[in-house]
4 protein chains.
Amino acid sequence: MEPIADKKKAIFESTLELVREKGFHGTPMSLVAKRAGVAAGTIYHYFESKQDLIIELFYYIRDQIIAVLKSEDAASVPYHKCFFRIWYGLYEYYSQNPNVLMFFEQFVNSPYNTCVNEANRSEFHKYLFGFFERGIREGHLKPLSPKILGTLAHANIISTVKMYSAGHLVLEEGELKQIPQILWDGMRAQSVACKV
Amino acid sequence: MEPIADKKKAIFESTLELVREKGFHGTPMSLVAKRAGVAAGTIYHYFESKQDLIIELFYYIRDQIIAVLKSEDAASVPYHKCFFRIWYGLYEYYSQNPNVLMFFEQFVNSPYNTCVNEANRSEFHKYLFGFFERGIREGHLKPLSPKILGTLAHANIISTVKMYSAGHLVLEEGELKQIPQILWDGMRAQSVACKV
Amino acid sequence: MEPIADKKKAIFESTLELVREKGFHGTPMSLVAKRAGVAAGTIYHYFESKQDLIIELFYYIRDQIIAVLKSEDAASVPYHKCFFRIWYGLYEYYSQNPNVLMFFEQFVNSPYNTCVNEANRSEFHKYLFGFFERGIREGHLKPLSPKILGTLAHANIISTVKMYSAGHLVLEEGELKQIPQILWDGMRAQSVACKV
Amino acid sequence: MEPIADKKKAIFESTLELVREKGFHGTPMSLVAKRAGVAAGTIYHYFESKQDLIIELFYYIRDQIIAVLKSEDAASVPYHKCFFRIWYGLYEYYSQNPNVLMFFEQFVNSPYNTCVNEANRSEFHKYLFGFFERGIREGHLKPLSPKILGTLAHANIISTVKMYSAGHLVLEEGELKQIPQILWDGMRAQSVACKV
DNA sequence: CATGAATGAGCCTTCATTCAT
DNA sequence: TATGAATGAAGGCTCATTCAT
């Protein structure tokens, strides 16, 4: 992976900020350019169109998130522990990159989403679902579809971040840690759960 | 609540369809008008501006969802049962009104959202959180913030609907019913859970 | 043929003038609008795009020229006389509508031309060639392809008008009338020509 | 006349091709550069501006055409024969260089044309008209203005080439040769014509 | 109330031209 | 000489909104 050109990165960051502040529609290319410190025309050296910029930005972010997933998943660590590490890893990433989260949410519910081919879109899901598939196979989780468990888990993380961002979540000492616990309690194989 | 004028409703439905098909940005007033079978100017007799139309539509939908909540909640029914009835009620509603769900998701992540005052926005949450507050108070659920439980539950429902809409969810006999079960298992008071 | 809306005609005339003055490329829609006395957006009520405007204008003009042809051709008049009447008729029309001529020349040598389907483009030629076909059939003209004779005749007329417009043609009493004479002398059946 | 630098010639040829394919407006400097195999900036070492490139290209072509004229005109050859040789010479040149013809036609009807001073523009005409002036003086042609005869003759040639390029001209054995004949029959002094 | 032609600000995009390397 | 990334003015087009009918 070669390093991304400075200007290109500046354009990405500028877009990310503006989309959060004003939404896709409220983010003209002229403003993206100004905040990135480049001329309007310059964007078109790096991206074919606004749509292309948005989609490439999506890939750029997706790769970051995949990197988080990979760094927290390890076959050598007990599954239970990985589960919580991934939860916290993604939680941290999204919390510290609120621009990313809002961009992602808007992207998914936008017409741009339909322009991303299936293979590219689910690169992230491949990793995520893989982790849950393993949990099911090894008997840690309820025997449902990995897609279902993965999707629900991700939704749980994102909702938590959004509550926090919106100021609705009081982060008392122990409150945050109970949220992945709810998820785990719901998903773990019940026989194990009640053996205690 | 007086009944909504026919044209107003037609405009609402037209907007809802178009926003799903083309997103906010791809939904010009002229198209809303055409599909609603009215002239462009007519919309401005019912709504002050496009923003006003969007926000009023948000309220219109929110009220439908609140109605679902109310119809499934009943103090006379065991809490556990209400929980699942609400889950299924909202699941059904969103499934059968996919326009609504996409509109909602887009609305929340749009600049329009910031124009809705806090009181109005949380009308729905008041009911939702109230239900979870009761569950905690009566000892059915883990003693967390009702906001957290309510938000997580709603995210769980919406994710399920979206999986289904995207065709990722195989609705085998028993698969669907396990999803609210995951939620319940995660949220219920653990002492109770393992007493069995 | 219903009368053309006032605004539409104003846009046509404005375009015609500007294209002569500044060429296709030097004629922005904003200027077309300003000179036509309408707003820029208004043009797009009447035409889908700049290309559409140009092409419709082409048809508009073509119909005027066809009308000239038709008004001068008459089976009841001796062929020789019709020939000269048509020559003068077109010459007059082009001379008095120099905007039209320059537009036409530019249109033919522009990429827009390829957007006009064959049938539409040759509506004018159908009439023109028809006249020469008759001349050949009746033995007035050399037995060549009517397409060739028609095309050469039209080029002759246009060249004459352009010389005049450029100021290169001194319109002495008898000079102009010798030009169609050259054409006629070249095209008429030789046996007849030298019988005299 | 020093020989033209290789790159300069490549730029000329590239421009010529592109103008035919896409018209003036559809021929950006960046594309000219790419097809010529040079960088965009390089063009500006050879030409001051796009306008300068176009105008210099016009002269470049004009000189080629003048060369054709000169090579076919010879005082030692009977006038009648020269007339046909020039006709065929130009016809051949334009037919084999269709890029040239389209460029020329577009140039004449473009705003660039007004930038060429009169003296330069009519360099070609000087030769052309000179030939017809001689024809008149020597009694071979009708006693009209040489400008008129020359212009009509040139238009006749160009029309023929364009018919051929468009595929409208069936080049049967004898058909082509009748076209300059038409021209000659029209222009030659009539007393001579009918003496036969 | 209803209409829809008209408006014009603002957006995405192109492209002739420059200049640091 | 040669390069090509960068510039930014200008153009085509959209669309929320108005208003005369």
Side-chain angles (χ1 to χ4, degrees), chain A residues 5-8 11 24-34 36-54, chain B residues 5-8 11 24-34 36-54, chain C residues 5-8 11 24-34 36-54, chain D residues 5-8 11 24-34 36-54:
Chain A
D6 270 5
K7 294 243 164 96
K8 196 167 182 178
I11 293 166
F24 276 125
H25 181 36
T27 300
M29 295 297 261
S30 56
L31 214 51
V32 170
K34 184 186 278 184
V38 302
T42 303
I43 299 180
Y44 291 85
H45 277 282
Y46 295 96
F47 307 97
E48 287 191 351
S49 63
K50 186 175 186 178
Q51 173 170 304
D52 185 47
L53 162 60
I54 299 292
Chain B
D6 270 6
K7 293 220 168 138
K8 197 166 180 177
I11 294 166
F24 273 125
H25 181 38
T27 300
M29 296 295 262
S30 56
L31 211 53
V32 170
K34 185 189 275 183
V38 302
T42 303
I43 299 181
Y44 289 84
H45 282 287
Y46 294 97
F47 307 97
E48 287 191 352
S49 64
K50 187 175 187 178
Q51 173 171 300
D52 186 47
L53 162 59
I54 299 291
Chain C
D6 271 3
K7 294 242 164 99
K8 195 167 182 176
I11 293 166
F24 275 126
H25 181 38
T27 300
M29 295 298 261
S30 54
L31 213 52
V32 171
K34 184 185 278 185
V38 302
T42 302
I43 299 179
Y44 291 86
H45 277 282
Y46 295 97
F47 308 96
E48 288 190 352
S49 62
K50 186 174 185 179
Q51 172 171 305
D52 185 49
L53 163 59
I54 299 293
Chain D
D6 270 5
K7 294 221 170 138
K8 196 165 180 177
I11 293 166
F24 274 124
H25 181 37
T27 301
M29 295 295 263
S30 56
L31 211 53
V32 170
K34 184 188 276 183
V38 302
T42 303
I43 299 180
Y44 289 85
H45 281 288
Y46 294 97
F47 307 97
E48 288 191 352
S49 65
K50 185 173 187 179
Q51 174 172 302
D52 185 48
L53 162 60
I54 299 292

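So you know, we letter chains A, B, ... as the sequences are listed, proteins then strands, and number each from 1.
Between B:Ile11 and B:Phe47, the shortest heavy-atom distance links the atoms CG2-CE1, 3.8 Å. Looking at every heavy atom in both residues, B:Leu31 comes nearest to B:Gly26 through CD2-O, 4.5 Å.
When the nearest nucleotides of DNA chain F are assigned to A:Gly37 and B:Glu48 by heavy-atom distance, the more 5′-ward of the two goes with A:Gly37. For B:Val38 and A:Gly41, each mapped to the nucleotide of DNA chain E holding its nearest heavy atom, the one lying further toward the 5' end belongs to B:Val38. With DNA chain E read from its 5' end, the first of the two nearest nucleotides for A:Thr27 and D:Tyr44 is the one closest to A:Thr27. Residue-to-nucleotide proximity on DNA chain F shows that, of A:His45 and C:Pro28, the 5′-proximal contact is made by A:His45.
Among the nucleotides F:dT17, E:dC12, F:dC13, the one closest to the side chain of C:Ala40 is F:dC13. Side-chain proximity of B:Lys50 to F:dA5, F:dA16, E:dT7: nearest is F:dA16.
One can place CZ of A:Phe47 at 15 Å from C1' of E:dC12, the figure rounded to the nearest angstrom. B:Phe24 places its CZ atom 19 Å from the P atom of E:dC11, with the value rounded to the nearest Å. To the nearest angstrom, C1' of E:dA16 lies 7 Å from CE of D:Met29. Residue D:Leu31 contributes atom CG, which lies 15 Å from atom C1' of F:dG4 at whole-angstrom precision. Between the NZ atom of D:Lys34 and the P atom of F:dA5 there is a distance of 11 Å, given to the nearest Å. Taking atom CD1 of A:Ile43 as the reference point, atom C1' of F:dT7 lies 12 Å away to the nearest angstrom. One can place CG of D:Leu53 at 10 Å from P of E:dT17, the figure rounded to the nearest angstrom. Separating the CG atom of D:Asp52 from the C1' atom of E:dA16 is a distance of 13 Å, rounded to the nearest angstrom.
When both distances must be under 3.5 Å, the Watson-Crick or G-U wobble mate of E:dA20 is F:dT3. The pairing partner recorded for F:dA9 is E:dT14, the criterion being a Watson-Crick or G-U wobble arrangement whose two distances lie under 3.5 angstrom.
Rounding to the nearest 0.5 Å places OG1 of D:Thr42 at 14.0 Å from NZ of D:Lys8.
For the pair D:His25/C:Phe24, no side-chain contact is recorded, criterion being any heavy-atom separation below 4.5 Å from C-beta on. Taking the side chain as every heavy atom from C-beta outward, A:Val32 and A:Lys50 never approach each other to under 4.5 Å.
OP1 and OP2 of F:dA5 both lie 4.0 Å or more from every side-chain N or O belonging to A:Lys7. Between B:Thr42 and E:dT3 there is a side-chain polar atom (N or O) within less than 4.0 angstrom of OP1 or OP2.
D:Tyr46 comes within 4.0 angstrom of the backbone, heavy atoms only, and of no base.
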